[in-house]
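Have a look at the structure below before the remarks.
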Amino acid sequence: MLGTIVNAGLIVVGSVIGSVFKKGMKESYQDILMQAMGLAVTALGIYSLAKHMPDSQYPVLFIVSLALGGIIGEKLNMEERFKTVVSRFSKGNLAEGLSTAVLLFCIGTLSIVGPIESALNGNQTYLFTNAILDLVTSIVLAATFGVGIAFSAIVLFCWQGFFYVAAGAVAGLITPALLTEISIVGAALILSSGLSILGIKKFKTMNLIPALLVPALFMAVKDLIGM
C-alpha cells in the first residue's frame, strides 16, 4: 500500500501548491506539464511491453485479450457509467473540479494496474509514476478550483485499495506465466493512457480494462482441458 499512500499524499500536496495560484495557471504551463507527463506514461508503457513480451508463451494472447476486453467493456459501457456516477456530484464549482479530478485520477490504467502490480510483485513503479502524474494534475486543477481538490485523494485511496486487496486475495492462484500475460496487457493499456494524455488518440481506456481478465480465463480453460 506504500505506493497508494504516496499517490494520495502527493494529490494533497499538489492541491495545496495549486491553490496558491488563485487566478489559475497559464494555459501554456498546463499544456507543457501534461505533455511531459504524457511522454513519461507513454515511455513507461513501451518499456513494459519490451520487458515482458520476450517472456510471453502466447504472443498473440494480448491481442485477443484487448479485442475481447474492449468488446466487453464497450458492451457494459464502463467508461460512461463511471462518468455518470461521478457527475452526480457536480453541482457547484468545487464539485465540478472534484468530479473531474476523480475521473482523471481513477480512470487511468496506472491506478488499476499499479495496485495490482504492487500486491503481486511488490513493485511500486507504476504507482510512483502515477503519483507524479497526479501531483502535476492536482496542481493544475487546484489552481482553478481551489484546495478542495485534495478531497479526491480519499476516493483514490479507496479505489486503489480495492484493487490491491482483491489482487492480494487471489495472489496464490496467479502463476508467473499468467502474471507475464497480464503485465503485457497492462503495459498496452498504460501506453494507451499516454497517447490519450498527449492528445494523439483518445482511447476509452476504462472500456479496455476487462482485457486484464482475459489471460486468466484463457489459462483457466487451458488447464481445464489439459492443453
Nearest 0.5 Å, what's the CD1-CG distance between I5 and L10? 12.0 Å
Would you tell me whether N7 and D134 have side-chain atoms, one donor and one acceptor, within less than 3.5 Å of each other? yes
Cluster question for you: counting only ILVMFWY and a side-chain heavy-atom cut-off of under 4.5 Å, with indirect links fine, are L127 and Y47 together? no
S138 to S15 - nearest heavy-atom pair and separation: OG-N, 3.7 Å
Do Y58 and M219 have side chains that approach each other closer than 4.5 Å (heavy atoms only, starting at C-beta)? yes
P115 and L110 have their tightest heavy-atom pair at CD-O, 3.8 Å
Hey, could you give me the CZ/CG distance between F128 and N123, rounded to the nearest 0.5 Å? 9.5 Å
Nearest atoms (heavy-atom pairs only) where A119 meets G168: CB-N, 4.0 Å
If we ignore hydrogens and angles and just use 3.5 Å, is the side chain of S111 paired with the main-chain N or O of F105 as donor and acceptor? yes
Evaluate the side-chain proximity of L135 to I11: yes if any heavy-atom separation is below 4.5 Å, no if none is. no
Please tell me if the side chains of L189 and L66 come closer than 4.5 Å, counting only heavy atoms from C-beta onward. yes
From E74 CD over to L208 CG, what is the distance, rounded to the nearest 0.5 angstrom? 9.0 Å
Would you say the side chain of I116 lies within less than 4.5 Å of the side chain of Y164, judging by non-hydrogen atoms? no
How would you list, by chain and number, every residue that makes a side chain to side chain donor-acceptor pair (under 3.5 Å) with T175, sequence neighbours excluded? none
For L198 and L39, work out which heavy atoms get closest and say how close. CD2-N, 3.7 Å
Should I209 and F62 be counted in the same cluster of Ile, Leu, Val, Met, Phe, Trp and Tyr side chains packed under 4.5 Å apart? yes
Looking at CG of L179 and CD of E117, how far apart are the two atoms once the value is rounded to the nearest 0.5 Å? 6.0 Å
Heavy atoms, side chains only, cut-off 4.5 Å: are Q160 and L156 in contact? yes
Closest non-hydrogen contact found for V12 with A153 is CG2-CB, 4.0 Å
Under 4.5 Å between side-chain heavy atoms, counting indirect links through other Ile/Leu/Val/Met/Phe/Trp/Tyr residues: same cluster for L61 and I71 or not? no
So M78 and P210, do their side chains get closer than 4.5 Å, heavy atoms only? yes
Euclidean distance, L44 CG relative to T129 OG1, rounded to 0.5 Å: 5.0 Å
Can any side-chain N or O of S196 pair as donor or acceptor with the backbone N or O of F203 at less than 3.5 Å? yes
Between L213 and L76, is there shared hydrophobic-cluster membership here, with clusters defined by ILVMFWY side-chain heavy atoms closer than 4.5 Å? no
Let me check something: do I46 and I200 share a hydrophobic cluster, defined by ILVMFWY side-chain heavy atoms less than 4.5 Å apart, either directly or through other members? yes
Euclidean distance, L195 CG relative to K201 NZ, rounded to 0.5 Å: 10.5 Å
Quick one, L191 and T42 - any side-chain contact, counting heavy atoms below 4.5 Å? yes
Walk me through it: do T180 and D55 pass the test side-chain hydrogen bond (donor to acceptor under 3.5 Å, both in side chains)? CA-CA 7 Å; T180 295; D55 297 327; 5.4 Å; no
Evaluate the side-chain proximity of Q124 to V6: yes if any heavy-atom separation is below 4.5 Å, no if none is. no
Counting distance only, does the side-chain N/O of S56 pair as donor-acceptor with the main-chain N or O of M53 below 3.5 Å? no
Please lay out, stage by stage, how Y126 and S118 fare under the test side-chain hydrogen bond (donor to acceptor under 3.5 Å, both in side chains). CA-CA 8 Å; Y126 291 157; S118 175; over 6 Å; no
